[in-house]
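As the structure is a prediction and not an experimental result, all values here were calculated from the model. For reference, positions follow the sequence shown, starting with 1. We count ligands from 1, going down the list as the structure has it; atoms in each ligand are counted the same way.
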Amino acid sequence: MGKTTGFLEFKRKDESYAPAKERVKNYNEFTKPLNQTELRNQGARCMDCGIPFCHSGCPLGNLIPDFNDAVYQGKWEKATKILHSTNNFPEFTGRLCPAPCEEACVLGINEDPVSIENIEKNIVETAFKNGWITANTPPKRTDKKVAVIGSGPAGLAAAQQLNRAGHTVTVYERDEKIGGLLRYGIPDFKMEKNVIDRRLAILEEEGIIFKTGVHVGVDIKADDLKKEFDAVVLCGGATIKRTLPIPGSDLKGVVQAMDFLPQNNRRVDGVKDLGEELVATDKDVIVIGGGDTGSDCIGTSIRHGANSVSNFEIMPMAGTERPVDQPWPFWPMRLRTSSSHKEGAERFFSISTKKFIGDENGNLTGLITSEVKWQPVPGQRPKLTEVAGTEKEWKCQLALLALGFTGSETTLADQFGLEFDERTNIKASESNYKTNIPGVFVAGDQRRGQSLIVWAISEGRQAAYHIDTYLMGKSNLPLKGEGDLPRI
Ligand SMILES: Cc1cc2nc3c(=O)[nH]c(=O)nc-3n(C[C@H](O)[C@H](O)[C@H](O)COP(=O)(O)OP(=O)(O)OC[C@H]3O[C@@H](n4cnc5c(N)ncnc54)[C@H](O)[C@@H]3O)c2cc1C
Ligand code: SF4
């Protein structure tokens with residue numbers, strides 16, 4: 001498995017990036033791939049450690065040491081088959097996953113972990129280049145029809161798995177194009193949208209029916225779905241945006257990140273009629289929220305030509321090392337610096353926004369903050385307190401609220417009579433993805449709350465297994481941990 005002494009011989013090597021000054025001139029991806037020898041050496045670093053903790057670090061249960069070994073041996077087609085046995089869309093995760101597998105890699109205990117995510121991306125890109133990824137239509141069709149509501153990674157994974165089981169699958173999407181947050185959340189500089197289109201062409205060829213511009217619950221009601229389909233899986237995401245209800249939040253210039261980013265992705269896609277233009281050009285921009293969405297707002301604002309970009313995070317600055325109370329192989333809370341952060345944003349931590357300030361025309365001109373402290377409370381969440389005398393006024397003409405999401409929409413769920421959990425997600429157990437209504441399932445962010453692409457794909461795959469079992473009494477679809485090693 002791998003090269004026995006590979007981890008001693010080769011250091012981790014990551015892809016380099018085009019210089020920030022160059023890459024911010026457009027919205028293209030900017031990573032520079034390693035060559036084949038370098039990639040094989042990276043695969044050789046995998047230690048065959050006996051118990052591959054990376055498997056359980058990956059929410060898909062990807063068979064990581066096996067594809068690493070295949071890459072080391074230059075058997076790229078074999079690696080492709082291994083990878084696709086557990087992951088429908090490695091081209092998404094290979095670009096966008098925060099790689100919890102790498103935090104669980106045994107080599108990572110005292111060395112840099114194996115560069116699993118980059119190996120994954122290169123396996124799938126090699127496969128596309130060589131024409132190894134082709135439509136796989138089911139040998140025969142059942143008489144069952146399934147509706148998938150929502151075309152993000154959860155919906156697409158569920159659709160492909162259910163189609164493989166022979167069911168006739170229709171994916172409904174209210175946006176004009178397929179992809180969910182892959183298309184309208186994540187900026188092109190993180191993933192160009194031809195990556196989605198390339199995969200979509202295969203899904204269509206496999207026989208999945210896509211209907212865009214259909215808002216289920218409005219254009220089609222739950223009763224219509226119940227009549228037409230044998231099962232329904234809701235993959236509508238966690239779309240309710242968290243607000244910041246402080247004075248001045250209605251000023252012109254206080255904008256939700258998830259209005260700003262989707263508009264920009266449409267602009268990059270060549271859409272002309274965008275309504276009120278939300279642009280950062282020549283503005284002092286403050287991005288409130290330090291997560292992925294905040295980071296994407298930074299990269300986008302810089303590409304617009306913002307005058308300055310600052311980023312506020314209410315939590316304290318984490319260290320760069322793994323905290324002692326979050327030992328290997330768990331996912332540690334540590335400071336993560338994205339490529340967008342490095343493009344010219346200044347980051348501020350332990351800071352809370354108290355008030356937006358505007359001019360007489362209702363335009364945002366600045367905001368007021370206070371520093372905050374988090375005090376530990378035994379057995380409870382830490383308590384937030386303001387530090388007296390730390391009020392500060394900041395100049396800004398655009399404030400982007402990147403505060404996350406508070407759960408699922410209710411229109412369609414109410415038509416079905418679905419129950420919600422205490423976090424306003426649709427209630428369904430992770431053991432079978434069944435809601436309280438027979439034949440209605442839920443997967444992805446709409447079930448687990450805002451999360452990750454890798455989790456959405458995993459949930460879509462798992463839900464498909466349980467839907468197939470519900471329809472047919474049993475299922476041959478794989479469950480997590482049952483990836484099938486191809487014999488090549
Ligand atoms: C800006 C941003 C950046 C992110 N970056 C990353 C990242 O780098 N890495 C990562 O792993 N994760 C990232 N995430 C999180 C990740 O995108 C989500 O966890 C993932 O997309 C969830 O997938 P999903 O299929 O459950 O839902 P979504 O991707 O949200 O897709 C849901 C789809 O359902 C459609 N829909 C909803 N209701 C209806 C209806 N009634 N009728 C028809 N269609 C409907 C929506 O239009 C949408 O297209 C990011 C999220 C955001 C917002
Ligand atoms: S999907 Fe994410 S966690 Fe799984 S192997 Fe790939 S990078 Fe690692």
S.K.: Under the criterion salt bridge (Lys or Arg N to Asp or Glu O under 4.0 Å), I'd like the reasoning laid out for Glu103 against Arg336: C-alpha separation, chi angles, the key distance, then a yes or no.
M.R.: CA-CA 13 Å; Glu103 296 289 0; Arg336 291 172 205 273; 3.4 Å; yes
S.K.: So which of Val454, Thr293, Ile457 gets nearest to atom 53 (C) of ligand 1, if we judge by its closest heavy atom?
M.R.: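 Among Val454, Thr293, Ile457, the closest heavy atom to atom 53 (C) of ligand 1 belongs to Thr293.
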S.K.: Counting from 1, what ligand 1 atoms have a heavy atom of Pro153 closer than 4.0 Å?
M.R.: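 Under 4.0 Å from Pro153, ligand 1 has these atoms: 20 (C), 21 (O), 23 (O), 25 (O), 29 (O).
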S.K.: Could you pull out, from Arg183, Arg174, Gln446, Arg95, the option with a heavy atom nearest to atom 44 (N) of ligand 1?
M.R.: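 The residue whose heavy atom sits nearest atom 44 (N) of ligand 1 is Arg174.
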S.K.: How are the rings of Phe30 and Phe189 set relative to one another: parallel (under 30°), tilted (30 to 60°) or perpendicular (over 60°)?
M.R.: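 Rings of Phe30 and Phe189: parallel, under 30°.
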S.K.: Pairing donors with acceptors under 3.5 angstrom, does anything connect the side chains of Thr31 and Lys121?
M.R.: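 Yes, because at least one side-chain N or O of Thr31 sits under 3.5 Å from a partner of the opposite role on Lys121.
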S.K.: Could you check whether any side-chain heavy atom of Asn118 comes within less than 4.5 Å of a side-chain heavy atom of Lys13, counting everything from C-beta outward?
M.R.: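 In short, these two side chains do not touch, never coming nearer than 4.5 Å.
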S.K.: Check each heavy atom of Asp296 against ligand 1 and say whether those closer than 4.0 Å belong to the side chain, the backbone, both or neither.
M.R.: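 It is the side chain that touches ligand 1; the backbone stays farther off.
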S.K.: Please could you name the atoms of ligand 1 that Met258 approaches to less than 4.0 Å, counting only its heavy atoms?
M.R.: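 With Met258 as reference, the close atoms of ligand 1 come out as 53 (C).
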S.K.: Residue-level breakdown please: for Glu459 versus ligand 1, do any non-hydrogen atoms fall below 4.0 Å on the side chain, on the backbone, on both, or on neither?
M.R.: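 Neither part.
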S.K.: Of all heavy-atom pairs between Arg334 and Arg322, which one has the smallest distance, and what is that distance?
M.R.: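 Nearest heavy atoms, Arg334 then Arg322: NH1-N, 3.5 Å.
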S.K.: For Thr300 and Arg267, what are the C-alpha separation, side-chain angles and deciding distance, and is it a side-chain contact (heavy atoms from CB on, under 4.5 Å)?
M.R.: CA-CA 12 Å; Thr300 303; Arg267 186 179 292 118; over 6 Å; no
S.K.: Does Lys145 make a cation-pi contact with Phe229 (under 6.0 Å, within 45 degrees of the axis)?
M.R.: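 Ring-cation test returns yes.
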S.K.: Tell me the protein N, O or S atoms under 2.8 Å from atom 4 (Fe) of ligand 2, in chain and number order.
M.R.: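 Counting only protein N, O or S atoms under 2.8 Å from atom 4 (Fe) of ligand 2, the list reads Cys58 SG.
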S.K.: Before signing off on this row, confirm whether Val216 and ligand 1 have an N or O atom pair separated by under 3.5 Å.
M.R.: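 Yes, at least one N or O pair falls under 3.5 Å.
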S.K.: If you measure from atom 9 (N) of ligand 1 to every heavy atom of Thr239, Thr411, Leu96, Asp219, which option wins on shortest distance?
M.R.: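 Considering heavy atoms of Thr239, Thr411, Leu96, Asp219, the nearest to atom 9 (N) of ligand 1 sits in Leu96.
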S.K.: With a heavy-atom distance limit of 4.0 Å, tell me whether Ala456 approaches ligand 1 through its side chain, its backbone, both, or neither.
M.R.: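 Ala456 to ligand 1: side-chain contact only, backbone stays beyond 4.0 Å.
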S.K.: Any heavy atom of Gly217 sitting closer than 4.0 Å to ligand 1?
M.R.: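 False for this residue.
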S.K.: Validate the cation-pi geometry between Arg198 and Phe128: distance from NZ or CZ to the six-membered ring centre under 6.0 Å, angle to the ring axis within 45°.
M.R.: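 Checked: cation-pi criterion met.
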S.K.: Flag the pair Ile64 / Cys101 as yes when at least one side-chain heavy-atom distance between them is below 4.5 Å, and no otherwise.
M.R.: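 They are in side-chain contact.
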S.K.: Looking only at heavy atoms, what is the nearest atom pair of Ala306 and Val285, with distance?
M.R.: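 Minimum heavy-atom contact is CB-CG2, 3.8 Å.
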S.K.: Can you check whether Tyr72 reaches Cys46 side chain to side chain, under 4.5 Å on heavy atoms?
M.R.: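 No, side chains not in contact.
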S.K.: If you look at every heavy atom in Asn432 and His466, which pair is closest and at what distance?
M.R.: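 So the minimum-distance heavy-atom pair works out to O-CB, 3.3 Å.
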S.K.: Side-chain contact test, heavy atoms from C-beta onward, threshold under 4.5 Å: evaluate it for Asp188 versus Lys193 and give yes or no.
M.R.: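 They are in side-chain contact.
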S.K.: For Val214 and ligand 1, answer yes if some heavy atom of the residue is under 4.0 Å from a ligand atom, otherwise no.
M.R.: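 Distance cut 4.0 Å: Val214 passes for ligand 1.
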S.K.: Between Asn88 and Arg461, is any side-chain donor less than 3.5 angstrom from a side-chain acceptor?
M.R.: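 Yes, side-chain donor-acceptor contact under 3.5 Å.
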S.K.: Decide whether an N or O pair under 3.5 Å exists between Leu182 and ligand 1.
M.R.: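 Among all N and O atoms of Leu182, none is under 3.5 Å from an N or O of ligand 1.
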S.K.: With atoms numbered from 1 as shown, which atoms in ligand 1 lie under 4.0 angstrom from a non-hydrogen atom of Leu452?
M.R.: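 Checking each atom against Leu452, I get 10 (C), 11 (O), 12 (N), 19 (O).
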S.K.: For Lys480 and Glu430, run salt bridge (Lys or Arg N to Asp or Glu O under 4.0 Å): C-alpha distance rounded to whole Å, both residues' side-chain angles, the deciding distance at 0.1 Å, then the answer.
M.R.: CA-CA 12 Å; Lys480 187 149 71 183; Glu430 200 167 349; 5.2 Å; no
S.K.: Tell me which part of Ile149 gets within contact of ligand 1: side chain, backbone, both or neither, using heavy atoms under 4.0 Å.
M.R.: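 Ile149 to ligand 1: side-chain contact only, backbone stays beyond 4.0 Å.
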S.K.: Looking at Gly444, which atoms of ligand 1 are within less than 4.0 Å of one of its heavy atoms?
M.R.: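 Reading through ligand 1 atom by atom, the close ones are 26 (O).
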S.K.: List every atom of ligand 1 that sits less than 4.0 Å from any heavy atom of His215, numbering the atoms from 1 in the order shown and giving each element.
M.R.: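 Those atoms are 40 (C), 41 (N), 42 (N).
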S.K.: Would you mind reporting whether Glu29 and Arg95 have side-chain heavy atoms less than 4.5 Å apart?
M.R.: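 Contact flag for Arg95/Glu29 side chains = yes.
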S.K.: Quick one: does Phe405 get a heavy atom under 4.0 Å from ligand 1?
M.R.: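 Yes; Phe405 lies near enough to ligand 1 that a heavy-atom distance drops under 4.0 Å.
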S.K.: Between Glu409 and ligand 1, which residue portion shows a heavy-atom distance shorter than 4.0 Å: side chain, backbone, both, or neither?
M.R.: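 No part of Glu409 is near ligand 1 at this cut-off.
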S.K.: Among all protein non-hydrogen atoms, which one is nearest to atom 35 (C) of ligand 1, and what is the separation to 0.1 Å?
M.R.: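 Sorting protein heavy atoms by distance from atom 35 (C) of ligand 1 puts Glu173 OE1, 3.4 Å first.
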S.K.: Determine whether the side chains of Glu120 and Asn87 contain a donor N or O and an acceptor N or O closer than 3.5 Å.
M.R.: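 Yes, because at least one side-chain N or O of Glu120 sits under 3.5 Å from a partner of the opposite role on Asn87.
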S.K.: Taking atom 28 (P) of ligand 1 as the point of reference, which of Ile186, Leu181, Leu261, Thr212 owns the nearest heavy atom?
M.R.: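 The nearest heavy atom belongs to Leu181.
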S.K.: Do the non-hydrogen side-chain atoms of Glu173 and Arg183 ever get within less than 4.5 Å of each other?
M.R.: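 Contact flag for Glu173/Arg183 side chains = no.
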S.K.: Provide the number and element of each atom of ligand 1 under 4.0 Å from a heavy atom of Gly237.
M.R.: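 Listed by number with element: 27 (O), 30 (O), 32 (C).
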S.K.: With only distance considered, is Ala443 within less than 3.5 Å of ligand 1 through an N or O on each side?
M.R.: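 No.
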S.K.: Can you list the ligand 1 atoms lying under 4.0 Å from a non-hydrogen atom of Lys190?
M.R.: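 Listed by number with element, the hits are 5 (N), 7 (C), 8 (O).
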S.K.: Numbering the atoms of ligand 1 from 1, which are under 4.0 Å from a heavy atom of Gly180?
M.R.: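 Near Gly180, meaning under 4.0 Å from one of its heavy atoms, ligand 1 has 29 (O), 31 (O), 48 (C), 49 (O).
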S.K.: Nearest non-hydrogen atom to atom 32 (C) of ligand 1 belongs to which of Pro187, Cys235, Gly460?
M.R.: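 Heavy atom nearest to atom 32 (C) of ligand 1 belongs to Cys235.
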S.K.: Indicate yes or no: at least one non-hydrogen side-chain atom of Val146 is less than 4.5 angstrom from one of Asn163.
M.R.: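 Contact flag for Val146/Asn163 side chains = no.
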S.K.: Please verify whether a non-hydrogen atom of Arg447 lies at under 4.0 Å from ligand 1.
M.R.: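 The answer is no, since Arg447 has no heavy atom less than 4.0 Å from ligand 1.
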